[in-house]
Number of protein chains: 2
Amino acid sequence: MSQRGPYAKGVAKREEILGRALEVVARQGYRGASVQVIAETVGLSQAGLLHYFGSKEELFTAILRKRDELDHLTSAPPAGPRAARDAFVQVVARNAEVPGLVELFSRLAVEAVDPEHPAHGYFAERGEVLRGMIVGALAQHSHPTALPPKMIARVVQAVVDGLQLQWLLDPSVDMAATTDAFLNLLAPED
Amino acid sequence: MSQRGPYAKGVAKREEILGRALEVVARQGYRGASVQVIAETVGLSQAGLLHYFGSKEELFTAILRKRDELDHLTSAPPAGPRAARDAFVQVVARNAEVPGLVELFSRLAVEAVDPEHPAHGYFAERGEVLRGMIVGALAQHSHPTALPPKMIARVVQAVVDGLQLQWLLDPSVDMAATTDAFLNLLAPED
DNA sequence: GTCTATAGAATGATAGAC
DNA sequence: GTCTATCATTCTATAGAC
């Protein structure tokens with residue numbers, strides 16, 4: 001047994017549910033989906049699902065955390081500017097395969113603007129981690145940057161988030177290509 | 001009388017209501033405000049307000065259209081790259097004075113992702129107009145751009161929209177300064 | 001742990017009086 | 001044109017049986 005102590009089984013099941021929920025939202029899309037709908041597709045009743053996640057917001061936040069984990073946003077980035085950048089664009093490209101997740105992310109991001117919202121902390125921390133990674137990648141350059149690295153990081157994050165909105169509105173937008181071109185402009189030497 | 005024909009009075013009143021609603025949302029903020037709340041602050045009953053705007057979504061879309069009008073997004077931009085750019089940054093700076101409007105915009109933008117949503121057309125058109133202006137401003141440059149102008153326009157729009165999200169989450173973010181610095185990077189010669 | 005049933009609340013829309 | 005009253009819906013959260 002790899003896991004011991006209380007909750008070990010509950011945690012495992014929770015993870016399993018999370019994985020399925022993630023798949024469902026990614027594939028079948030998210031249109032302001034209710035707990036009810038997700039519960040059905042996951043094979044539980046609404047109450048059964050809320051048994052593992054105390055509330056709707058916690059469920060959705062957990063789904064996004066799981067996604068970050070799968071996207072390696074929580075682990076160390078690849079070494080070298082080129083590799084880090086490729087991985088970054090890769091994540092953007094894969095987002096275009098999961099509109100439901102992108103929509104969930106965007107929707108929750110706006111709602112979490114309220115400091116009282118349960119996902120407020122998640123988005124604040126995630127932003128910091130992401131921008132920290134970008135700053136780290138920039139630091140590997142030999143040339144100094146024209147703008148303060150933290151400012152560049154904010155701009156890069158904004159580009160990705162903003163392009164998601166444009167893409168959700170019009171799926172013909174090529175998020176990955178646009179991001180790549182933009183990064184090329186920022187750091188042509190890579 | 002400047003206006004004749006049927007509805008002339010109704011239209012005028014509608015505009016008046018709109019102006020007040022805009023002020024209220026801008027100053028007192030928007031936290032997923034209900035029609036009820038806006039009606040009260042505007043001095044009407046909920047039903048009275050919906051008499052002028054058929055539905056909640058139409059009301060909110062009308063507010064955003066009004067804002068665009070006041071921001072001169074609907075009229076011709078100033079001539080000359082420098083003037084156009086300054087005006088652009090000015091709009092961003094003024095957005096930082098009206099968090100409620102920015103939140104309303106961001107929230108509706110996500111919801112309008114659904115092609116069936118009443119505001120879908122508004123956001124699609126607004127995006128095109130905005131990007132058209134950016135392309136127009138770029139065209140006034142003597143130097144050719146490294147990226148296709150349409151792609152640059154998407155990136156600029158994304159930066160503004162994305163920074164709004166960051167600023168809503170953390171009001172210490174300086175949207176105008178960041179936008180300005182970014183544009184400086186894009187077109188140093190201006 | 002999981003389900004059924006229900007509470008409870010919010011809100012948008014509409015009917016109809018004045 | 002404006003209001004009061006009400007309808008109708010939707011959804012989350014919880015209580016309680018099994």
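First the proteins, then the strands, lettered A, B, ... as listed; each starts at 1.
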Does the side chain of A/Phe182 reach to within under 4.5 Å of the side chain of A/Leu163, using non-hydrogen atoms?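 Heavy-atom side-chain distance check fails, nothing below 4.5 Å.
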With heavy-atom distances below 4.5 Å as the criterion, would you say the side chains of B/Leu22 and B/Leu70 are in contact?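 Yes, at least one pair of side-chain atoms sits under 4.5 Å.
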Send over the distance from [X] [atom1] to [N] [atom2], rounded to a whole Å.
| X | N | atom1 | atom2 | answer |
| --- | --- | --- | --- | --- |
| A/Leu44 | C/dG1 | CG | P | 12 Å |
| A/Arg31 | D/dT10 | CZ | C1' | 18 Å |
| B/Arg14 | D/dT2 | CZ | C1' | 17 Å |
| B/Glu40 | D/dT4 | CD | P | 11 Å |
| B/Glu16 | D/dG1 | CD | C1' | 13 Å |
| B/Leu49 | C/dG12 | CG | C1' | 12 Å |
| B/His51 | C/dG16 | NE2 | C1' | 14 Å |
| B/Tyr52 | D/dC3 | OH | P | 9 Å |

In the hydrophobic clustering that connects Ile, Leu, Val, Met, Phe, Trp and Tyr at side-chain heavy-atom distances below 4.5 Å, which members other than B/Val110 occupy its cluster, ordered by chain and number?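 Once heavy-atom contacts under 4.5 Å are chained together, B/Val110 belongs with A/Val110, A/Leu165, B/Leu165.
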Among residues 107-118 of chain B, which residues get a heavy atom nearer than 4.0 Å to DNA chain D?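 Within this stretch, nothing sits under 4.0 Å of the strand.
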Heavy-atom closest pair, residues B/Arg31 and A/Val113: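 Answer, listing the atom of B/Arg31 first, then A/Val113: NH1-CG1, 4.3 Å.
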Provide the closest heavy-atom pair for A/Phe88 versus A/Thr179 in the form atom of the first, atom of the second, distance.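 It is CE2-CG2, 4.2 Å.
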With 3.5 Å as the limit, what N/O pairs link the protein to nucleotides 12-14 of chain D?
unit_1	atom_1	unit_2	atom_2	d
D/dT12	OP1	A/Val35	N	3.4
D/dT12	OP1	A/Lys56	NZ	3.3
D/dT12	OP2	A/Val35	N	3.3
D/dA13	OP2	A/Lys56	N	3.0
D/dA13	N7	A/Gln46	OE1	3.4
D/dA13	N6	A/Gln46	OE1	3.3

Test of ring centre spacing under 6.0 Å for B/Tyr30 and B/Phe105: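 Ring centroids of B/Tyr30 and B/Phe105 are no less than 6.0 Å from each other.
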Pairing residues for [X] by the salt bridge (Lys or Arg N to Asp or Glu O under 4.0 Å) criterion, not counting sequence neighbours:
| X | answer |
| --- | --- |
| B/Lys13 | none |
| B/Arg20 | B/Glu16 |
| B/Asp180 | B/Arg85 |

